[in-house]
Every structure is written in C-alpha cells, then in structure tokens.
Amino acid sequence: MSTAELSEQEVIRRNSLAKLRELGIEPYPAAEFQVNAKAAEIKAEFEPEKQNFQEVTLAGRIMSRRIMGKASFAELQDDTGRIQLYINRDEICAGEDKTLYNDVFKKLLDIGDFIGIKGFAFTTQVGEKSVHVKELIVLSKSLRPLPIVKEKDGKVYDAFTDPEMRYRQRYVDLVVNPQVKDTFLKRTKIVNTMRQMFNEYGYLEVETPILQSIPGGAAARPFVTHHNALNIPLYLRIANELYLKRLIVGGFDGVYEFAKDFRNEGMDRTHNPEFTVMEIYVAYKDYKWMMNFTEEMIERVALALHGTTKVKLGDKEIDFKRPFKRVTMLDSIKEHTGIDISGMDEVQLRAVCKQLDIDVDESMGKGKLIDEIFGEKCEGNYIQPTFIIDYPVEMSPLCKKHRDNPELTERFELMVNGKELANAYSELNDPIDQLERFQDQLKLSEKGDDEAMFIDMDFVRSLEYGMPPTSGMGIGIDRLTMFMTNNQSIQDVLFFPQMKPEKKNEADGDEKFEAAGVPGEWIDVLRKMGFKKVDALKEVKAGKLFNDLCGFNKKNKLGLQNPTMEDVTGWIA
RNA sequence: GACUCAGUAGCUCAGCUGGUAGAGCACAUCCCUUUUAAGGAUGGGGUCCUGGGUUCGAACCCCAGCUGAGUCACCA
C-alpha cells in the first residue's frame with residue numbers, strides 16, 4: 001500500500017514502527033510474555049496497608065496518556081478492564097540514556113499499542129489505584145488509530161456509535177466500548193447456565209448434521225449448496241429437530257444441541273440469516289412437564305446473570321419468576337378479538353380475517369390463517385413471560401394431537417415482550433399420523449406455500465421402529481440474549497452479524513498505471529487527484545489533465561519534474 | 001418493498017438566506033515529575049457519500065444513485 005492512501009496519522013505510526021526497529025526494538029516480538037495480575041484484580045483487591053501487588057506484571061493496550069514532563073500517566077487495558085500506570089523517566093531509564101522514555105514511550109508509542117509492564121501497585125494523590133512502572137516492554141504496535149472514547153461519572157464522550165462501523169469492525173467496538181464485551185460475556189454465561197442444568201439432569205449434548213439433504217423440522221426457506229462428489233444439492237439446516245428425535249428413537253433419554261440454523265429470509269432487528277437455537281428432547285415427558293422445565297431454565301438464567309428474576313428491557317421490566325402465565329391460543333384470540341374461532345372451517349376463518357382487516361391469500365390453509373390472527377392481534381400483547389398453549393393441528397405438523405381435542409395439538413410457545421422465545425411439543429410419535437401430516441404439508445406446498453415442510457421418509461421410518469413419548473423444546477439463544485442483556489437488535493448479540501459486502505476499493509494497482517506509461521512518482525498523484533483507474537484518465541482531455549497535474553504539483557509543493565504534454569498524451573492514448 | 005431521517009477531519013459533531021470549510025477530542029512540535037472526559041502554547045490535517053443539473057458561484061437548492069438508521073409491510 002502506498003503512503004498516499006494512508007491518513008496522516010497512519011503514516012506517522014508507520015514511521016514510528018520503523019524508528020523502533022532502528023533503535024533495535026522489535027515492535028512485534030515473538031516471545032511469550034507472562035503476566036501475574038490483571039487490571040480488575042488490582043483495582044478490586046489492592047490495599048496499601050497489606051502491601052500486596054508489589055511485584056506485578058501486566059500486559060495490554062495503552063488507552064490514554066498524560067505526559068507531564070519527566071513523569072506520565074497512562075491507562076493500560078487488559079481483558080478485565082483498565083488500570084492507570086505511573087511512568088517516571090528516571091525509573092524506566094536508570095542510566096544516562098533516556099531514549100526509552102523520551103523517544104519510545106513519549107513519541108513512538110501510541111494509543112492502541114500493546115505493552116507489557118513490571119511494577120508495583122500504589123495509590124495516587126487523587127486516590128486512584130495505579131501501577132508504578134519499573135520496566136516497560138513493547139509487545140505490539142498498532143498502525144491504525146482507535147476511536148477515543150472518554151467517560152466521566154458515567155457520561156460518555158465521543159462515543160463510537162456508528163452501527164455500521166461497530167458491526168463491520170467489531171474488534172474496534174470491543175476495544176473501545178466495554179458494555180459490548182459485557183453483552184457477549186453474558187451470552188456465554190446464558191449458554192453455560194443452560195448446559196450445566198441439562199447436564200445436571202443427565203441429558204447428553206450431541207451434534208447433528210448442518211448439511212442436510214432434506215431440510216426438515218421447521219417451516220422456512222433454506223439455503224442451498226452443492227456437494228460435488230455426490231453431485232446432489234445439500235441444504236443448510238433450518239432446524240435439527242428431526243435428527244434429535246432420531247436419537248431418542250435410538251435410545252437416548254435426553255439429548256440437546258446448541259445449533260446454528262440458517263434461514264434464507266429477510267433480515268431485520270430480530271432476524272439474522274444464521275442464528276443459534278438450543279433444542280432439547282426428553283423421553284417419557286409431555287409438554288406440561290416441559291413448561292415447568294422451561295420455566296426453571298429461564299429463571300436460572302436470569303438469576304445467574306442478574307441475581308434477580310427482574311430484568312430491564314427498554315423501558316419495561318420483565319419478571320422471569322416462576323410460574324409463567326398459561327393461556328390457550330383459542331382463549332387468547334377470544335380475549336383479544338372477541339371472536340371464538342373454535343370449530344371454524346377455512347371459509348369461516350377467512351371471513352374472520354377479513355372482518356379483522358388481516359391480509360390473507362389463497363395459499364393459506366386453516367393453520368396459517370389462525371397463525372395470522374394470533375400474530376396480528378394477540379402476540380404483541382404478551383410482554384411478561386406467557387405460555388401460549390394448544391395450537392391448532394394444521395399449524396404443527398410435528399406435534400402430537402391434544403389428548404382432549406383432536407383439533408388441537410399439545411404445543412406451547414413462550415412469549416416474552418411480544419415475541420416468540422421458545423417453542424415446544426409433546427412430540428408426535430405416531431408414524432402413520434406423522435406421514436399424513438407430512439402429506440398435508442405437501443398439499444400446502446402444491447398450493448403455493450413455499451415454507452411448507454418436505455417429507456422426510458427416513459424420519460418416518462425411524463418413528464415406525466418406535467419412539468417413546470417425548471417432549472421437545474427449542475429456544476432462540478439470540479433472542480434470549482437480547483432479552484437478558486437489554487439489547488433491542490439481534491446485531492448487538494452476535495459478534496459478526498451478517499452485513500452487505502463492503503464496497504471494494506476499486507483503485508488500479510501501480511502495474512496498470514506503469515503499463516500505461518505513467519512514471520512511478522506520478523501514480524499516487526493521479527490517485528490523489530481522483531483518478532483511481534487508468535481508464536478514468538481516458539475520459540479527460542490531455543490538455544486539461546496536463547494543466548491539472550502541473551497545478552497539483554505546484555499547489556502541493558511536491559517538487560516533481562512536470563511531465564511534458566507529449567508524456568501526458570501518451571498515458572491516455 | 002414503502003416512507004422518514006442521515007452521510008462534512010482518525011472519532012463525535014457544528015456549518016444561517018447559496019459566497020473559498022469549523023469545533024472538541026485524536027495527531028505533530030515545544031513547555032511541564034502526580035494527573036483524571038488529559039495541564040499550557042502553537043500547528044498540520046478535508047473526494048463536504050457518488051454522478052448529473054440549476055447558478056457568476058453549491059457542503060447547502062433540484063434529479064438520480066450508493067450506504068446506513070428508524071417506522072411500517074413481508075417474513076418466524
């Protein structure tokens with residue numbers, strides 16, 4: 001990369017890098033650097049009377065510097081946070097040679113550089129726990145300036161907030177915005193808490209295929225890829241349900257998987273093309289048992305994270321204390337629309353939708369119509385955790401029919417803040433019924449529903465060998481994390497949310513300019529004048545280009561020998 | 001996909017009715033041995049998102065586009 005494309009500050013840092021090497025200091029040393037303390041630890045535990053932390057070794061990034069002549073303060077940020085350093089010239093440079101302080105620390109190091117230090121903890125006159133540096137080692141030079149975020153009394157100045165840059169350059173976001181790191185620490189804690197609970201219950205964590213030849217277990221459009229050796233299409237999984245149930249058939253009493261699923265659909269604040277779902281299946285249980293299990297799980301997660309079941313979410317407070325409210329879907333619709341749809345057929349439901357001003361189309365069957373009514377009129381009302389139970393059979397092709405009403409299924413969804421968080425069934429284990437339900441889906445598909453499920457004959461075959469009564473539950477880990485960390489956007493709980501590809505820098509390389517006959521010293525000049533591509537030159541008149549070049553040379557005092565008119569004409573010929 | 005808002009220095013943002021581009025932080029130079037959103041002084045730094053148009057003159061007005069955000073629609 002030529003220096004013309006770098007900002008002034010980047011050029012200065014590259015020059016500093018070279019000067020470090022001239023001084024015999026390797027800016028990217030290979031050797032291990034062993035630390036014996038962390039910033040947060042010293043801040044929490046250092047007490048002057050105890051004389052602890054008197055020989056500490058720390059490593060991290062320089063995040064700020066205050067130079068006061070022979071003494072300086074700096075902040076070092078490691079993975080636990082920041083701690084102030086006190087650096088005195090005559091202490092880190094014991095002899096006559098003051099280069100390490102005057103040049104290396106004051107001039108050649110920058111905010112963002114990694115250093116290691118040895119020293120002792122003390123408290124400054126203003127009362128801040130700090131480390132008095134005796135020795136300083138350069139560990140890694142940073143060539144790009146970080147955004148500088150400052151904070152006083154909880155008020156943040158010059159925050160790094162542009163969402164696009166935060167998501168595209170998450171590494172920068174993580175370095176300068178400590179609350180971002182906290183969200184991801186909590187995300188891991190959520191997963192760990194759940195895993196610990198499942199393991200306590202004796203269930204087995206498993207892995208199932210991501211590449212599937214029949215994308216089953218949910219209603220969604222899949223991503224397609226191709227397997228060369230087999231010469232077949234393969235789909236990225238939209239769910240892992242059918243594989244986990246095969247494992248129940250195989251004799252495991254409890255299996256679970258934290259799975260990445262992929263759905264080829266729109267992206268917005270609550271949808272990312274790839275997302276994480278935890279699915280768990282437990283033999284000899286039903287959906288009622290699973291409701292209690294889900295409550296326990298969510299309550300444990302809330303307590304592990306916050307020490308309380310009450311969690312702030314936007315301007316609301318959600319209380320995850322057990323038990324959650326339980327409402328049947330038909331009661332919910334009755335409550336929010338005043339209409340009792342039980343026993344209605346497709347025609348009647350269509351009329352209800354019209355009456356309620358809900359858009360429908362011909363491809364929608366009975367289940368989808370009811371789903372529309374619920375989604376439109378009811379879903380948004382459930383802010384506090386609520387189980388919606390007993391869904392119509394048409395909406396749930398993998399779910400066992402209700403023990404008291406064949407029109408319904410033994411299914412619940414957990415709604416929080418007006419959004420679905422978890423979904424669970426008494427699993428359908430009647431293979432004949434299952435095949436019929438798949439065939440109904442096929443009819444929907446023929447009617448134009450592009451989300452209807454494929455028939456998975458191997459799954460049906462597995463059920464024919466017999467699956468014990470089983471309850472299964474799936475929960476969106478991204479959404480759960482959003483609720484538990486007070487983030488309104490799924491992009492804030494994914495390290496690297498899907499983004500449109502970044503625009504490429506379309507500038508031509510030096511070779512292409514040279515091939516056109518442009519001498520090396522003029523290439524950067526042309527780029528700086530806005531001619532990123534050789535072809536762009538051909539669109540201007542030689543005379544104008546010649547004048548502009550000479551003018552640019554003069555104006556910017558480049559001191560280059562001006563080309564002749566003939567030269568310029570040659571470049572663009 | 002529709003509508004609304006935004007895009008100006010490395011970062012956060014001003015910029016009036018159209019008249020040669022501004023601040024704070026960051027950066028550079030100098031001064032200063034315990035400072036606190038980093039003390040003092042001085043200074044450098046810009047494709048005002050892109051391309052057209054209107055105009056004597058456009059960061060600003062008009063048209064088109066790109067990118068992002070929000071709301072809605074669609075979609076789990």
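Letters A, B, ... mirror the listed sequences (proteins, then strands); counts begin at 1.
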Go through the structure and list residues passing salt bridge (charged side-chain N to carboxylate O under 4.0 Å, His left out) with A/Lys260, not counting sequence neighbours.
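Scan of A/Lys260 (salt bridge (charged side-chain N to carboxylate O under 4.0 Å, His left out), adjacent residues dropped) gives A/Glu274.
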Rounded to the nearest angstrom, tell me the gap between atom [atom1] in [X] and atom [atom2] in [N].
X        : N     : atom1 : atom2 : result
A/Glu164 : B/C11 : CD    : C1'   : 16 Å
A/Lys419 : B/C75 : NZ    : P     : 15 Å
A/Asp162 : B/G70 : CG    : C1'   : 14 Å
A/Ile67  : B/A41 : CD1   : C1'   : 16 Å
A/Asp268 : B/A69 : CG    : P     : 11 Å
A/Leu143 : B/C27 : CG    : C1'   : 15 Å
A/Asp110 : B/A26 : CG    : P     : 12 Å

Look at all strands and tell whether [X] reaches a base, only sugar-phosphate, or nothing, counting heavy atoms closer than 4.0 Å.
X        : value
A/Glu265 : sugar-phosphate
A/Arg263 : sugar-phosphate
A/Leu146 : nothing
A/Met165 : sugar-phosphate
A/Glu379 : base
A/Glu413 : base

Side chain of [X] only, please: which of [options] is the nearest?
X        : options             : value
A/Ile111 : B/C13, B/C27, B/U35 : B/C27
A/Arg269 : B/U36, B/C13, B/G70 : B/G70
A/Ile12  : B/C74, B/A28, B/U34 : B/A28
A/Gln84  : B/C13, B/U35, B/U33 : B/U35
A/Gln125 : B/C27, B/U34, B/G10 : B/U34
A/Ala71  : B/U12, B/A69, B/U34 : B/U34
A/Arg66  : B/U34, B/C74, B/U36 : B/U36
A/Arg168 : B/U34, B/G68, B/A28 : B/G68
A/Lys107 : B/C32, B/C30, B/U34 : B/C30
A/Glu372 : B/U35, B/C75, B/C30 : B/C75

Run the salt-bridge test on A/Asp90 and A/Lys98 with the 4.0 Å N-O cut-off and return the result as yes or no.
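Salt bridge between A/Asp90 and A/Lys98, a charged N being under 4.0 Å from a carboxylate O: yes.
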Write down the distance separating the [atom1] atoms in [N] and [M], rounded off to the nearest Å.
N     : M     : atom1 : result
B/A21 : B/G39 : C1'   : 30 Å
B/U8  : B/G53 : C1'   : 22 Å
B/U12 : B/A37 : C1'   : 13 Å

Across all strands shown, which nucleotide pairs with B/C3 by Watson-Crick or G-U wobble geometry, both distances under 3.5 Å?
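Pairing partner, where one exists within any strand: B/G70.
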Criterion side chain to side chain contact (heavy atoms under 4.5 Å, CB included) on A/Asp390 and A/Phe412, from CA distance to verdict:
CA-CA 6 Å; A/Asp390 299 348; A/Phe412 71 80; over 6 Å; no
Nearest-nucleotide 5' precedence on RNA chain B, A/Lys106 against A/Gln9:
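On the 5' side of the pair lies A/Gln9.
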Tell me, please, which residues at least two apart from A/Thr99 pass side-chain hydrogen bond (donor to acceptor under 3.5 Å, both in side chains).
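If we apply the side-chain hydrogen bond (donor to acceptor under 3.5 Å, both in side chains) test to A/Thr99, skipping adjacent residues, the hits are A/Asp97.
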